[in-house]
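Scroll down for the structure; my scribbles are underneath it.
As a basis for the values below, the full set of heavy atoms in this structure was taken, side chains included, without hydrogen atoms, waters or symmetry mates. Lettering follows sequence order; numbering is per chain, from 1.
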Amino acid sequence: MKIATFNINGVKARINALTDWLTESAPDVALLQEIKSVDEGFPREMIEDLGYTVETHGQKGFNGVAILSKLPLEDITRGLPGDDDDEQARWIEATVIGDTDAVRVCGLYLPNGNPAPGPKYDYKLAWMERLHARAEALLADEMPALMAGDYNIIPQPEDAKRPEAWTDDALFRPESRAAFRKILNLGFTEAFRARTFGPGHYSFWDYQAGAWNKDDGIRIDHFLLSPQCADMLQECWIEKEVRGREKPSDHVPVWVDLKA
DNA sequence: ATGCCTCGCTATGCGAGA
């Protein structure tokens, strides 16, 4: 079972890039972030024509997440529990029925949080506390589960080309990284770092200042696997080449291949 | 130092992104 997460930065602006990618790379499941579309505006037919079931959790103008799947989906839920007043569309989950195992798959778009400190940073940290609670509940279910998406967290200095440039940024501040570690420490495996050591691996390059040409990137898109899911991990990789294509997103897809 | 780009908005510059 090949699952990819991809912050596409606007589904309408990216529809050709998205359908080309789905056709060529053919994930079984794709978790999308920043669709920037309401559910009714999502170009679902073009994606259904490629053999995918489409489940969206959209919002006007900003945010928005989706699950695309060639495999059957069950028990789809939308929204991260813990705050009924939160209207930002950043969380969707479903059970994917694989050939041998079912996997609970959660797609997330964690708040950016800048400028920090400030109300947006407070929202980021509060959202991460809710994520921690959901993560605990997923572990208690003891079924294979993963949480993947744009975490807006640079876990370690080696995950940035220029870590010194991010010192005071919401993506790299100690409180952000501690909140991320606190979730990992529940017992999750960060799939990429389970397979690959060392610097120079990024999933985001800013559109500005020639960041892509300078390979001035950061690694902020992650897969967190429950113990039962980590046992299924075969590979995890970053599809870097996508960033060099026509009219790209500023993020690239990150993948896992699970024995399921 | 700031902004550099890109997106969506019922726009014609702005907020948000990271």
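A close approach under 4.0 Å does occur between a side-chain nitrogen or oxygen of A/Lys120 and OP1 or OP2 of B/dG17. For B/dC7, one of the phosphate oxygens OP1 or OP2 lies less than 4.0 angstrom from a side-chain nitrogen or oxygen of A/Lys247. One finds a side-chain N or O of A/Asn112 lying less than 4.0 angstrom from the OP1 or OP2 phosphate oxygen of B/dA18. Taking 4.0 angstrom as the limit, A/Tyr109 places a side-chain polar atom (N or O) nearer than this to OP1 or OP2 of B/dA18. OP1 or OP2 of B/dA18 lies within a sub-4.0 Å distance of a side-chain N or O belonging to A/His251. Under 4.0 angstrom from either OP1 or OP2 of B/dC7 there lies at least one side-chain N or O belonging to A/Arg14.
Of the two residues near DNA chain B, A/Arg90 and A/Ala209, the one whose nearest nucleotide lies more 5' is A/Ala209. A residue-by-residue look at A/Gly61 and A/Phe204 shows that A/Gly61 has its nearest nucleotide of DNA chain B further toward the 5' end.
Atom pair A/Ile8:CD1 and B/dT6:P shows a separation of 17 Å (rounding to whole Å applied). When rounded to the nearest whole Å, the span between CG of A/Asp169 and C1' of B/dG17 equals 11 Å.
At a threshold of 4.0 angstrom between heavy atoms, the contacts of A/Asp216 with the nucleic acid are absent. Residue A/Asp150 is classed as a sugar-phosphate contact, given heavy-atom separations below 4.0 Å to backbone atoms only. Contact annotation for A/Asn9: backbone-only contact, meaning every heavy-atom pair under 4.0 Å involves sugar-phosphate atoms and none involves a base. Heavy atoms of A/Asn152 sit under 4.0 angstrom from primed sugar atoms or phosphate atoms, though from no base atom.
At least one cation-pi condition fails for A/Arg219 and A/Phe192: the charged atom is not both under 6.0 angstrom from the six-membered ring centre and inside a 45 degree cone around its axis.
On the P atoms, B/dT2 is 31 Å away from B/dA11, given to the nearest whole Å.
Checked for salt-bridge contact, A/Arg243 and A/Glu239 miss the test: no charged N lies under 4.0 Å from a carboxylate O.
Residues that satisfy the side-chain contact (heavy atoms from CB on, under 4.5 Å) test with A/Asn112, not counting sequence neighbours, are A/Asn114, A/Asn152, A/Leu171.
By the rule that hydrophobic residues join a cluster once side-chain heavy atoms approach within less than 4.5 Å of another member, A/Trp91 and A/Val54 end up as members of separate clusters.
The listed nucleotides are B/dG15, B/dT10, B/dG17; the one nearest the side chain of A/Lys60 is B/dT10.
In this structure, the side chain of A/Gln33 engages the main chain of A/Asn7 through a donor-acceptor pair within 3.5 Å.
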